[in-house]
Amino acid sequence: TQLPEDVRTALEMSHSELSLSDFSLSETELFLRGRDADVDVALAQELTHGHPLTLALLSERPDVDWTSPFDGPLLATLAKRVVSDVPSEQHREAMLALSLSLVLDEEMLGAMLGQGDVRHLFDWLLTRPFVQTESRGLSLQGSLRDILHGDLVMRYPTLLRRMTAGAVEE
């Protein structure tokens with residue numbers, strides 16, 4: 001299946017292969033500059049210790065008050081903020097569905113959400129900085145997957161059962 005040009009361009013701009021070892025201050029600066037993130041680089045480095053996923057999540061939310069303390073572990077707090085700041089309930093459910101699978105393709109996403117046409121949701125997931133493209137579909141960065149999966153189990157047991165049933169039927 002051929003991706004629309006705007007989706008391919010977004011993928012090329014937002015996805016690159018990264019070593020997940022912590023970034024140095026200069027690497028943090030390059031990373032944030034590449035994302036056009038308007039943040040204090042030294043403060044970002046201090047808060048994240050150069051962790052690439054945490055930096056990516058912070059760059060997604062430039063409205064975060066960088067000077068106030070976060071409630072709980074930084075990665076978990078940012079993950080929950082990212083999930084709460086989505087275009088629609090369908091987008092949130094698509095992200096949560098991705099947390100249930102190591103690799104998720106478009107058909108399985110549709111089955112899990114109980115919808116036939118989920119292309120717009122799958123394409124949106126492709127643009128997220130913490131979603132990786134695999135040969136068989138999409139995968140969520142491991143730490144974030146664990147956090148979102150835990151949140152799904154704790155907060156949305158009915159949704160979890162519905163998604164699991166849809167996956168089994170597929």
Side-chain angles (χ1 to χ4, degrees), residues 11 14-23 27-28 31-32 35 37 39 44-66 68-115 118 121-170:
L11 279 173
S14 67
H15 288 73
S16 60
E17 228 169 274
L18 301 172
S19 166
L20 284 183
S21 59
D22 292 344
F23 289 161
E27 290 168 328
T28 295
F31 182 80
L32 292 173
R35 295 185 163 284
V39 297
Q45 179 71 17
E46 181 182 334
L47 287 172
T48 67
H49 303 287
H51 188 275
L53 175 61
T54 310
L55 286 165
L57 291 172
L58 286 172
S59 72
E60 279 280 299
R61 292 296 308 264
D63 59 321
V64 170
D65 180 1
W66 291 71
S68 68
F70 290 94
D71 54 350
L74 181 60
L75 184 57
T77 300
L78 287 171
K80 288 175 184 167
R81 288 182 184 185
V82 166
V83 171
S84 67
D85 187 28
V86 293
S88 72
E89 183 68 17
Q90 284 184 324
H91 290 82
R92 184 181 64 79
E93 288 185 9
M95 194 177 306
L96 290 170
L98 186 55
S99 76
L100 290 174
S101 178
L102 292 178
V103 178
L104 183 68
D105 61 32
E106 191 171 333
E107 286 179 11
M108 182 61 75
L109 178 62
M112 292 174 81
L113 298 180
Q115 299 177 26
V118 293
L121 298 171
F122 193 83
D123 289 347
W124 176 79
L125 286 170
L126 283 168
T127 67
R128 306 293 81 203
F130 37 81
V131 174
Q132 300 160 342
T133 305
E134 307 288 340
S135 61
R136 296 178 306 136
L138 304 178
S139 68
L140 197 56
Q141 194 279 336
S143 299
L144 184 59
R145 184 179 59 246
D146 294 343
I147 291 166
L148 295 183
H149 182 262
D151 203 48
L152 178 61
V153 169
M154 179 181 68
R155 294 177 187 268
Y156 310 105
T158 304
L159 178 61
L160 173 62
R161 285 190 294 277
R162 189 186 81 203
M163 286 181 179
T164 304
V168 169
E169 290 176 14
E170 177 63 23

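The closest side-chain heavy-atom distance from Phe130 to Met95 is below 4.5 Å.
The two residues Ser139 and Glu134 have their closest heavy-atom pair at OG-OE2, 2.9 Å. The minimum heavy-atom distance linking Leu113 with Ala97 is given by the pair CD2-CB, 4.4 Å. Closest approach of Leu55 and Phe31 over heavy atoms only: CB-CE2, 3.7 Å. For Met108 against Leu104, the heavy-atom pair with the smallest separation is CG-CD1, 3.4 Å. Of all non-hydrogen atoms in Gly137 and Val103, the two that sit nearest each other are N-CG1, 3.5 Å. The two atoms that bring Leu100 and Met112 nearest to each other are CD1-CE, 3.5 Å, heavy atoms only.
Test Leu152, Leu159, Leu98, Val118 against Glu93 for side chain to side chain contact (heavy atoms under 4.5 Å, CB included) and you get one pass: Leu159.
Considering CZ of Arg136 and OG of Ser101, their distance stands at 8.0 Å, rounded to 0.5 Å.
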Step by step, would you call Arg145 with Leu102 a side chain to side chain contact (heavy atoms under 4.5 Å, CB included)?
CA-CA 9 Å; Arg145 184 179 59 246; Leu102 292 178; 3.5 Å; yes
Would you please test Leu138 and Thr133 for side chain to side chain contact (heavy atoms under 4.5 Å, CB included) and show each step?
CA-CA 5 Å; Leu138 304 178; Thr133 305; 4.2 Å; yes
Are Leu121 and Gln115 close enough, and set up right, to give a side chain to side chain contact (heavy atoms under 4.5 Å, CB included), and what steps lead you there?
CA-CA 11 Å; Leu121 298 171; Gln115 299 177 26; 4.1 Å; yes
Determine, step by step, whether His149 and Val153 satisfy the side chain to side chain contact (heavy atoms under 4.5 Å, CB included) criterion, reporting the C-alpha distance in whole Å, the side-chain angles of both residues, the deciding distance to 0.1 Å, and the verdict.
CA-CA 6 Å; His149 182 262; Val153 169; 3.6 Å; yes
